> 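One structure, as structure tokens, below. Some questions next.
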Amino acid sequence: MGLIHIELFATLDLVGQAPGGPDEDPAGFPFGGWQAPLLDETAGAQILAAYEGTDALLLGRRTYDLFAAYWPQQEGGADNEIATLFNGVPKYVASRGRPDLSWAGSTQLGPDLAGAVRELRGRHEHVKVVGSLNLVQTLLREKLFDRLDLWVHPIVLGVGKKVFDDGAVPTNVTLLEPPAASPKGTVYLRYGRADGTPRTGDMSAPDRGTGRGEST
């Protein structure tokens with residue numbers, strides 16, 4: 001059974017909208033491209049490593065259109081490694097419309113997203129969801145994901161679409177490896193989805209400190 005990986009870039013207040021450039025989502029969002037000044041070699045290496053083993057992409061319509069217009073022209077350039085990967089693997093588009101599927105290896109998913117995700121898990125080992133914030137929110141809400149790679153950047157925007165919207169559902173996740181920080185302050189967090197729903201407790205319980213009934 002394959003895994004669905006979500007790759008997300010977010011601000012400290014968890015805005016995930018248009019990190020890559022002002023043309024990603026220009027209508028009413030003044031901070032398109034907020035990620036660029038915060039990139040450094042460490043974060044770049046983390047991102048490349050996160051894509052190792054990718055054998056399919058799952059994208060929302062807007063992200064697909066942006067990628068299809070950009071990545072086919074990038075092989076042989078500075079981003080050759082990731083361009084070669086993206087151009088070579090199958091691309092699956094979640095859209096209710098009729099996207100232009102001229103990017104080689106592209107397929108539109110049917111209206112049953114849950115069923116389509118299950119089918120992708122059976123067909124591929126590591127399916128990566130990149131950007132595609134509306135799709136991501138659906139996958140989070142429906143728990144149709146297995147891994148979440150989150151890069152939290154040291155800025156607060158105060159406006160924009162957030163990673164977790166009002167429809168988020170209680171979900172447990174587990175940290176898969178220690179957090180890593182880049183020189184410019186971006187923190188990389190890798191989570192796996194866990195069973196069950198969040199538990200609650202009482203911070204005044206007598207055994208909360210040392211486990212021996214002592215207060216701390």
Side-chain angles (χ1 to χ4, degrees), residues 1-19 25 28-31 34-35 37-40 42-47 49-53 58 60 94 113-114 117-118 121 126-216:
M1 182 69 70
L3 302 176
I4 306 297
H5 303 250
I6 296 175
E7 310 294 323
L8 278 179
F9 307 114
T11 65
L12 194 60
D13 53 338
L14 292 183
V15 172
Q17 185 174 359
D25 201 352
F29 182 64
F31 295 110
W34 54 262
Q35 183 190 24
L38 298 168
L39 283 175
D40 53 39
T42 299
Q46 291 170 349
I47 294 167
Y51 287 118
E52 290 180 2
L58 172 58
L113 182 62
V117 169
R118 285 193 292 270
R121 281 191 176 125
H126 297 284
V127 180
K128 298 299 175 76
V129 183
V130 189
S132 309
L133 195 55
N134 290 338
L135 170 62
V136 163
Q137 290 173 343
T138 299
L139 296 176
L140 293 172
R141 187 166 54 249
E142 302 296 334
K143 298 187 178 181
L144 294 172
F145 74 100
D146 303 288
R147 300 285 185 267
L148 171 60
D149 287 348
L150 182 63
W151 284 266
V152 180
H153 296 71
I155 53 170
V156 175
L157 297 183
V159 295
K161 297 178 184 178
K162 294 196 174 183
V163 172
F164 302 101
D165 65 3
D166 293 337
V169 299
T171 305
N172 285 328
V173 296
T174 184
L175 193 66
L176 298 179
E177 57 189 60
S182 75
K184 289 190 176 181
T186 297
V187 179
Y188 172 46
L189 301 162
R190 170 166 276 189
Y191 293 107
R193 186 170 63 83
D195 293 333
T197 56
R199 298 171 58 191
T200 62
D202 185 350
M203 293 296 290
S204 65
D207 62 346
R208 68 177 177 84
T210 62
R212 298 191 299 272
E214 302 172 359
S215 61
T216 55

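These numbers were taken from a predicted model, which means no experiment stands behind them. All values below come from the heavy atoms of this structure, side chains included, with hydrogens, waters and symmetry mates left out. Residue indices begin at 1 and follow the sequence shown.
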> With heavy-atom distances below 4.5 Å as the criterion, would you say the side chains of Asp165 and Arg141 are in contact?
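In contact.
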> Once rounded to the nearest 0.5 Å, what's the spacing between atom CZ of Phe145 and atom CG of Leu3?
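Between Phe145 CZ and Leu3 CG, I get 12.0 Å after rounding to 0.5 Å.
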> Report yes if some heavy atom in the side chain of Leu148 is under 4.5 Å from a heavy atom in the side chain of Val173; otherwise report no.
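No. Closest side-chain heavy atoms not under 4.5 Å.
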> Over all heavy atoms of both residues, which pair between Leu133 and Lys162 is shortest? Give the atoms and the distance, please.
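Taking every non-hydrogen atom into account, CD2-O, 3.9 Å.
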> For Arg147 versus Leu176, what's the shortest heavy-atom pair and its separation?
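Nearest pair, atom of Arg147 first, then Leu176: CD-CD1, 3.2 Å.
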> Within the structure provided, determine whether Ile4 and Leu144 are in side-chain contact (heavy-atom separation under 4.5 Å).
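Of all side-chain heavy-atom pairs linking Leu144 with Ile4, none is under 4.5 Å.
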> Are the side chains of Glu142 and Leu113 in contact, using a 4.5 Å heavy-atom criterion?
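In short, these two side chains do not touch, never coming nearer than 4.5 Å.
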> What pairs of donor and acceptor atoms, side-chain ones from residues 8-15 against any protein atom, are under 3.5 angstrom apart with sequence neighbours left out?
residue: Thr11; atom: OG1; partner: Asp13; partner atom: N; Å: 3.4
residue: Thr11; atom: OG1; partner: Asp13; partner atom: OD1; Å: 2.5
residue: Thr11; atom: OG1; partner: Leu14; partner atom: N; Å: 3.4
residue: Thr11; atom: OG1; partner: Val15; partner atom: N; Å: 3.0
residue: Asp13; atom: OD1; partner: Leu157; partner atom: N; Å: 3.4
residue: Asp13; atom: OD2; partner: Leu157; partner atom: N; Å: 3.4
residue: Asp13; atom: OD2; partner: Gly158; partner atom: N; Å: 2.8

> Could you report the tightest heavy-atom contact between Pro198 and Pro170, atom names first, then the distance?
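Closest approach of Pro198 to Pro170: CD-CB, 3.6 Å.
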> Do Arg121 and Val127 make a side-chain contact, defined as non-hydrogen atoms from C-beta onward lying under 4.5 Å apart?
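No. Closest side-chain heavy atoms not under 4.5 Å.
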> Quick check: do Leu58 and Leu135 have side-chain heavy atoms less than 4.5 Å from each other?
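In short, these two side chains touch, coming nearer than 4.5 Å.
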> Which heavy atom in Lys128 sits nearest to a heavy atom in Tyr51, and how many Å separate them?
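Smallest interatomic distance, heavy atoms only, reads NZ-CA, 3.6 Å.
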> Can you see which heavy atom on Gly160 is nearest to which on Phe29, and at what distance?
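Distance-wise, the nearest heavy atoms are CA-CE1, 3.7 Å.
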> Classify the ring geometry between His126 and His5 as parallel (under 30°), tilted (30 to 60°) or perpendicular (over 60°).
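Tilted, since the angle between the ring planes falls between 30° and 60°.
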> Can you tell me how far apart CD (Gln35) and CD1 (Ile47) are? Round to the nearest 0.5 Å.
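Result: 5.5 Å between the selected atoms.
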> For the CG atom of Asn134 and the CG atom of Leu139, what is their distance to the nearest 0.5 Å?
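So the CG of Asn134 and the CG of Leu139 are separated by 11.0 Å.
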> May I ask you to decide if Val130's main-chain N or O and Ser132's side chain share a donor-acceptor pair within less than 3.5 Å?
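Between the backbone of Val130 and the side chain of Ser132 there is a qualifying donor-acceptor contact (under 3.5 Å).
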> Evaluate the side-chain proximity of Leu140 to Val163: yes if any heavy-atom separation is below 4.5 Å, no if none is.
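A side-chain contact exists here, since the closest heavy-atom pair is under 4.5 Å.
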> Quick check for you: to the nearest 0.5 Å, what is the distance between Lys184 atom NZ and Ile155 atom CD1?
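If I round to the nearest 0.5 Å, the distance is 12.0 Å.
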> Can you check whether Gln46 reaches Asp149 side chain to side chain, under 4.5 Å on heavy atoms?
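No, their side chains stay 4.5 Å or more apart.
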> Does any N or O in the side chain of Trp34 come within less than 3.5 Å of the main-chain N or O of Gln17, such that one atom is a donor and the other an acceptor?
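Yes.
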> Minimum heavy-atom separation for Pro30 to Val159, with atom names?
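Nearest heavy atoms, Pro30 then Val159: CD-CG2, 4.2 Å.
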> Could you tell me whether a side-chain N or O of Arg190 sits under 3.5 Å from a main-chain N or O of Glu177, the two making a donor and an acceptor?
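Side chain of Arg190 to backbone of Glu177, a donor-acceptor pair under 3.5 Å: no, none is there.
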